[in-house]
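Note sheet for the following structure.
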Amino acid sequence: KKNTIQIIKQSGFPAIIGGIFLSLSFVAYVVSMSETTVANVVFIISTQTIFLAFFAYLFLKEKISSHGLFAIILALIGMVVMVGDSINQGTLFGNLVAFAIPINFTILVMIIRKFPKLDMVPAIFYSGIFSGIYGLILAGDLNFSSNDVLMGFLLGVPQLAFGFICVTIGSKTTQSVTVGLLMLLETICAPIWVWIFLNEIPPFSVFIGGSIIIFAVIIKSLDKKTKISDISN
């Protein structure tokens, strides 16, 4: 509201850096989807759980409990079950670009965790600006239909922006491993939305793998060490 300019100024350089990495993740998502299979992209994004745990231990000294490690392994097994039948070679370029998504997102979470007293929501504001600049550079044609504009708005504002604002706020006080596991719920929701709105019935493996991932999240939520850590933060 009226404090917007002041909050943007207070967020400082960390928010700008966070916005750059988040915007690179957005671009990598679009490029990888057009260069390799959806299954490959989804599976590679799921590796953010490992990156978050490793980076948090390396840079923030956040220890991984036995519950957390077991939950990570279980969640990855769930991902393999969900998309295992669909994974194929794809293209090397597309697969490499897809790895920029979990890596850049992990760096964003590390910045948020490193500066918990800063309001990092402006990082989402910066990511929108940078993404717009990339789009102007990469777009071969700037002629958009009204449907293009509508779809771009729905993807950019209520879906991406609102979701990442919640992630940014939540990451301040939530252990990095937990953030990664919760983000995997996005993969479960995708086939459900398609089923509800487009009547595309997902394969049975999606329900089995999704159940395993949810079970992994529940196990991590019962980790007493994580709760104590979150409260102290």
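Quick note: residue numbers are just sequence positions, from 1. The analysis underlying the following values was restricted to heavy atoms, covering all of them including side chains, and did not include hydrogens, waters or symmetry mates.
In terms of hydrophobic clustering, with Ile, Leu, Val, Met, Phe, Trp and Tyr side chains grouped at heavy-atom distances under 4.5 Å, V179 and I73 are assigned to different clusters. One hydrophobic cluster holds both V27 and I137 under the rule that ILVMFWY side chains link at heavy-atom gaps under 4.5 Å. Using a 4.5 Å cut-off between side-chain heavy atoms of Ile, Leu, Val, Met, Phe, Trp and Tyr, with links allowed through other members, I107 and Y57 fall into different hydrophobic clusters. Residues L74 and F51 fall into different hydrophobic clusters, defined by Ile, Leu, Val, Met, Phe, Trp and Tyr side chains chained together at heavy-atom separations under 4.5 Å. Transitive grouping of hydrophobic side chains (ILVMFWY, heavy atoms separated by less than 4.5 Å) brings F93 and L138 into a common cluster.
Counting only distance, with no hydrogens or angles, the side chain of R113 and the backbone of K172 share a donor-acceptor pair below 3.5 Å. Within the 3.5 Å criterion, the main-chain N or O of A28 finds a donor-acceptor partner in the side chain of S32.
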For L108 and I17: C-alpha separation, side-chain torsions, deciding distance, then whether side-chain contact (heavy atoms from CB on, under 4.5 Å) applies. CA-CA 8 Å; L108 171 67; I17 298 299; over 6 Å; no
Working note: I112 + T168, criterion side-chain contact (heavy atoms from CB on, under 4.5 Å); need CA distance, chi angles, decisive distance, verdict. CA-CA 7 Å; I112 295 171; T168 302; 3.7 Å; yes
Tell me, with the steps shown, if F21 and S25 meet side-chain contact (heavy atoms from CB on, under 4.5 Å). CA-CA 6 Å; F21 282 107; S25 184; over 6 Å; no
Check the pair N104, L22 against side-chain contact (heavy atoms from CB on, under 4.5 Å), reporting the backbone distance first and the verdict last. CA-CA 6 Å; N104 283 309; L22 183 57; over 6 Å; no
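Not less than 6.0 angstrom separates the ring centroid of F55 from the ring centroid of F105.
In this structure, F162 and I124 have side chains that are not in contact, with every pair of non-hydrogen atoms separated by 4.5 Å or more. A heavy-atom distance below 4.5 Å is found between the side chains of F26 and F164. By the 4.5 Å heavy-atom criterion applied to side chains, L182 and V167 are not counted as neighbours. For the pair V177 and I72, the minimum side-chain heavy-atom distance is below 4.5 Å. Inter-residue side-chain proximity for F59 and K114 is flagged as unmet; no heavy-atom pair is nearer than 4.5 Å. Taking 4.5 Å as the limit, every side-chain heavy atom of L24 sits out of range of all side-chain heavy atoms of I101. A heavy-atom distance below 4.5 Å is not found between the side chains of L181 and I213. Within the 4.5 Å cutoff, the side chain of E35 has heavy atoms near those of the V31 side chain.
Residue pairs meeting the side-chain hydrogen bond (donor to acceptor under 3.5 Å, both in side chains) criterion with at least one member in residues 46-56, sequence neighbours excluded, do not occur. Sorted by first then second residue, the side-chain hydrogen bond (donor to acceptor under 3.5 Å, both in side chains) pairs that include residues 12-23, not counting sequence neighbours, are S23-Y134. Residue pairs satisfying the side-chain hydrogen bond (donor to acceptor under 3.5 Å, both in side chains) criterion with at least one member in residues 3-13, sequence neighbours excluded, are absent. Within the structure, side-chain hydrogen bond (donor to acceptor under 3.5 Å, both in side chains) pairs that include any residue of residues 117-127 do not occur (at least two apart or interchain).
Here CD1 of I165 is found 12.0 Å from CZ of F125. Values are rounded to the nearest 0.5 Å. Here the straight-line distance linking atom OG1 of T36 with atom CG of L96 works out to 10.0 Å at 0.5 Å rounding. One distance of note links CD1 of I7 with CE of M120; it measures 13.0 Å at 0.5 Å rounding. With rounding to the nearest 0.5 Å, the separation of CG in L155 from CG in L160 is 4.5 Å. The CZ atom of F54 sits 11.0 Å away from atom CD1 of I50, with the distance rounded to the nearest 0.5 Å. From M183, atom CE reaches atom OG1 of T178 across 13.5 Å, with rounding to the nearest 0.5 Å.
With a 4.5 Å cut-off between side-chain heavy atoms of Ile, Leu, Val, Met, Phe, Trp and Tyr, the cluster of V157 takes in L150, M151, F153, L154. Other members of a hydrophobic cluster containing V30 are absent, since no ILVMFWY side chain comes under 4.5 Å of it, directly or through relayed contacts.
Around CG of N199, the count of heavy atoms belonging to other residues, nucleotides or ligands within 6.0 Å does not exceed 12. Within a 6.0 Å sphere centred on CZ of F70, heavy atoms belonging to other residues, nucleotides or ligands number 12 at most.
Taking each heavy atom of G180 and L52 in turn, the nearest pair found is CA-CD1, 3.3 Å. The shortest heavy-atom contact between A123 and G18 is CB-C, 4.3 Å. The two atoms that bring P14 and I111 nearest to each other are O-CG2, 3.7 Å, heavy atoms only.
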